[in-house]
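One structure is given below, encoded as structure tokens.
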Amino acid sequence: MLAVTAESINPDDPLAGLVVGDRPEPASSEGWVTVSVRAAALNHHDLWTLKGVGITEDRLPMVLGGDAAGVDDNGEEVIVHSVISSPEWRGDETLDPRRSLLSERYDGTLADRVSVPRANLIPKPASLSFEEAACLPTAWLTAYRMLFVQSGIRPGETVLVQGAGGGVATALIVLARAGGYRVWVTSRSAEKQRRAIELGAHDAFDTGARLPERVDAVFETVGAATWSHSLKALRPGGTLVVSGATSGANPPADLNRVFFLQLRVIGSTMGTRDELERLARFCDVTGARPVIDSVVPLADARTAFARMDAGEVFGKIVLTP
Ligand SMILES: NC(=O)c1ccc[n+]([C@@H]2O[C@H](COP(=O)([O-])OP(=O)(O)OC[C@H]3O[C@@H](n4cnc5c(N)ncnc54)[C@H](OP(=O)(O)O)[C@@H]3O)[C@@H](O)[C@H]2O)c1
């Protein structure tokens with residue numbers, strides 16, 4: 001079958017280890033099922049893998065990709081939950097210390113077929129296309145958990161989303177708008193600011209700009225480049241939810257601001273299978289839909305990876321086998 005694999009690790013030139021080519025069919029094990037992939041979405045996680053984050057050389061070659069929607073062995077249309085917890089784990093899968101994401105320990109979704117535990121499948125709502133459904137398991141699920149599970153904020157409050165063009169950021173804009181929040185965004189690009197407003201943001205600002213007033217919550221995936229601004233943007237007692245650090249993971253902590261203003265800093269990673277089901281239903285009943293940058297044949301994955309690496313993307317790139 002055709003698959004996109006990481007064959008080697010290169011922190012400075014991640015595309016050097018990317019191979020698009022023929023791979024053996026996935027092996028079937030007890031309790032696992034093979035899904036025919038109809039659409040798979042790209043995530044920054046796939047670039048991190050090629051840079052050696054969350055994986056070691058001895059696990060290569062590894063099929064990349066965490067997100068997929070497809071058809072299972074019973075002919076049912078399904079979405080794959082990418083968090084693989086250990087068989088004995090009960091409760092919130094994201095808290096299992098032995099959990100992995102697809103493509104970290106087990107082959108991922110950028111392929112004609114992928115094998116996953118049957119318990120990791122949820123039904124795809126008929127109202128979502130395969131391409132839309134493929135965007136949900138990583139970026140959209142992460143945004144859903146940050147906003148509706150971790151932040152503790154209430155509809156009517158004001159949120160700031162840093163780095164408006166990203167996969168998680170565009171999901172946050174759409175979900176926050178549909179959930180009844182006032183949505184502000186920052187972006188380095190005037191064009192991305194304009195598109196964020198088209199998506200439903202109430203206002204857009206340059207990265208690092210002074211805001212008209214302080215906000216109730218900030219949503220961070222950019223990291224070092226925006227961290228200080230995120231802390232400054234919060235009202236006393238406000239909440240910063242962080243799930244990523246694309247520009248660097250070690251900014252100044254600014255602890256004085258954190259304790260004097262009694263800020264809450266909350267980490268968030270992926271989401272549970274139940275949250276993925278709720279997210280799919282949320283999209284079904286509200287009409288909220290993933291923002292798709294482009295749909296590209298799986299065979300052209302290299303171009304798609306290069307665009308994501310260059311930060312040119314607005315929303316999600318979807319690959320179709
Ligand atoms: N913890 C989790 O479970 C989880 C899940 C998903 C993603 N993540 C992480 O979250 C991050 C974002 O993921 P993604 O898939 O949304 O990535 P993405 O689509 O590549 O988003 C990157 C966005 O970050 C902004 N950005 C990048 N570098 C910047 C800089 N130096 N200064 C200011 N803004 C910058 C850009 O926004 P503008 O161009 O608009 O300024 C860009 O659109 C990644 O690091 C990823 O690994 C974590």
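This one's a predicted model, so the numbers in the text were calculated from it and none came from an experiment. When a ligand or atom number is given, it counts from 1 through the structure's own listing order.
R113 is linked by a side-chain hydrogen bond (donor to acceptor under 3.5 Å, both in side chains) to E25, counting only residues two or more places apart in sequence or in another chain.
The contact set between ligand 1 and T221, taken as ligand atoms under 4.0 Å from a residue heavy atom, comprises 10 (O), 11 (C), 12 (C). When each atom of ligand 1 is checked for a heavy atom of S243 under 4.0 Å away, the hits are 1 (N), 2 (C), 4 (C), 8 (N), 9 (C), 48 (C). Annotation for ligand 1: atoms under 4.0 Å from non-hydrogen atoms of S268 are 1 (N). Of all the atoms in ligand 1, the ones that sit under 4.0 Å from a non-hydrogen atom of G167 are 14 (P), 16 (O), 18 (P), 19 (O). Distances below 4.0 Å separate heavy atoms of A225 from the following atoms of ligand 1: 30 (C), 31 (N), 32 (N).
Contact of the N256 side chain with the F259 side chain is registered, since non-hydrogen atoms from C-beta on lie closer than 4.5 Å.
Scanning the protein heavy atoms around atom 5 (C) of ligand 1, the nearest turns out to be T142 OG1, 3.1 Å. Atom 18 (P) of ligand 1 has as its closest protein heavy atom H44 ND1, 3.7 Å. Among all protein heavy atoms, the one lying closest to atom 39 (O) of ligand 1 is K192 NZ, 2.7 Å. Protein heavy atom at the shortest distance from atom 21 (O) of ligand 1 is G166 CA, 3.1 Å. With hydrogens left out, the protein atom closest to atom 6 (C) of ligand 1 is V168 CG2, 3.6 Å, a heavy atom. Atom 31 (N) of ligand 1 has as its closest protein heavy atom S247 CB, 3.6 Å.
Within the model, atoms CG of L240 and OG of S230 stand 5.0 Å from one another, a figure rounded to the nearest 0.5 Å. Interatomic distance, K51 NZ to N10 CG, rounded to the nearest 0.5 Å: 10.0 Å.
Using a 4.0 Å cut-off between charged nitrogen and carboxylate oxygen, E198 and K192 do not count as a salt-bridge pair. Remark: E93 does not engage R99 in a salt bridge, criterion side-chain N to carboxylate O under 4.0 Å. Ion pairing between K232 and D254 fails under the 4.0 Å rule for side-chain N and carboxylate O. Electrostatic pairing of D293 and R195 does not count as a salt bridge here, judged by no charged N lying under 4.0 Å from a carboxylate O.
V20 belongs to a hydrophobic cluster whose other members, connected by ILVMFWY side-chain contacts under 4.5 Å either directly or through intermediates, are L2, V4, L15, L18, L42, L47, L50, L64, L110, V296, L298, F305, M308, V313, I317, L319.
An N or O contact shorter than 3.5 Å is missing between V222 and ligand 1 by distance. Note: no N/O pair closer than 3.5 Å links G315 and ligand 1 by distance alone. The distance criterion of under 3.5 Å between nitrogen or oxygen atoms is met by M270 with respect to ligand 1. The shortest N or O to N or O distance between W48 and ligand 1 is below 3.5 Å.
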Under the criterion salt bridge (Lys or Arg N to Asp or Glu O under 4.0 Å), I'd like the reasoning laid out for R182 against E213: C-alpha separation, chi angles, the key distance, then a yes or no. CA-CA 12 Å; R182 182 163 66 153; E213 63 188 66; 2.9 Å; yes

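Distances shorter than 4.0 angstrom occur between a heavy atom of A164 and an atom of ligand 1. Distances from ligand 1 to the non-hydrogen atoms of A196 include no value under 4.0 Å.
Between A111 and M1, the closest heavy-atom pair is CB-CE, 3.9 Å. Nearest heavy-atom pair, E157 versus D216, reported as atom, atom and distance to 0.1 Å: CB-OD2, 3.2 Å.
When the options T286, V183, L199 are evaluated for a side chain to side chain contact (heavy atoms under 4.5 Å, CB included) with V174, the one that passes is L199. Of the residues listed (T138, T49, T142, V168), the one engaging N43 in a side chain to side chain contact (heavy atoms under 4.5 Å, CB included) is T138, and it is the only one.
Here atom 38 (P) of ligand 1 lies nearest to S187 when heavy atoms of G223, G244, G54, S187 are compared. Between the choices R195, R188, E220, the shortest heavy-atom distance to atom 30 (C) of ligand 1 belongs to R188.
With a heavy-atom cut-off of 4.0 Å, S189 does not touch ligand 1 at all. Proximity of T269 to ligand 1, defined as any heavy-atom pair under 4.0 Å, is shared by backbone and side chain alike. Counting heavy atoms under 4.0 Å from ligand 1, residue T246 touches it through both backbone and side chain. Counting heavy atoms under 4.0 Å from ligand 1, residue F314 does not touch it at all.
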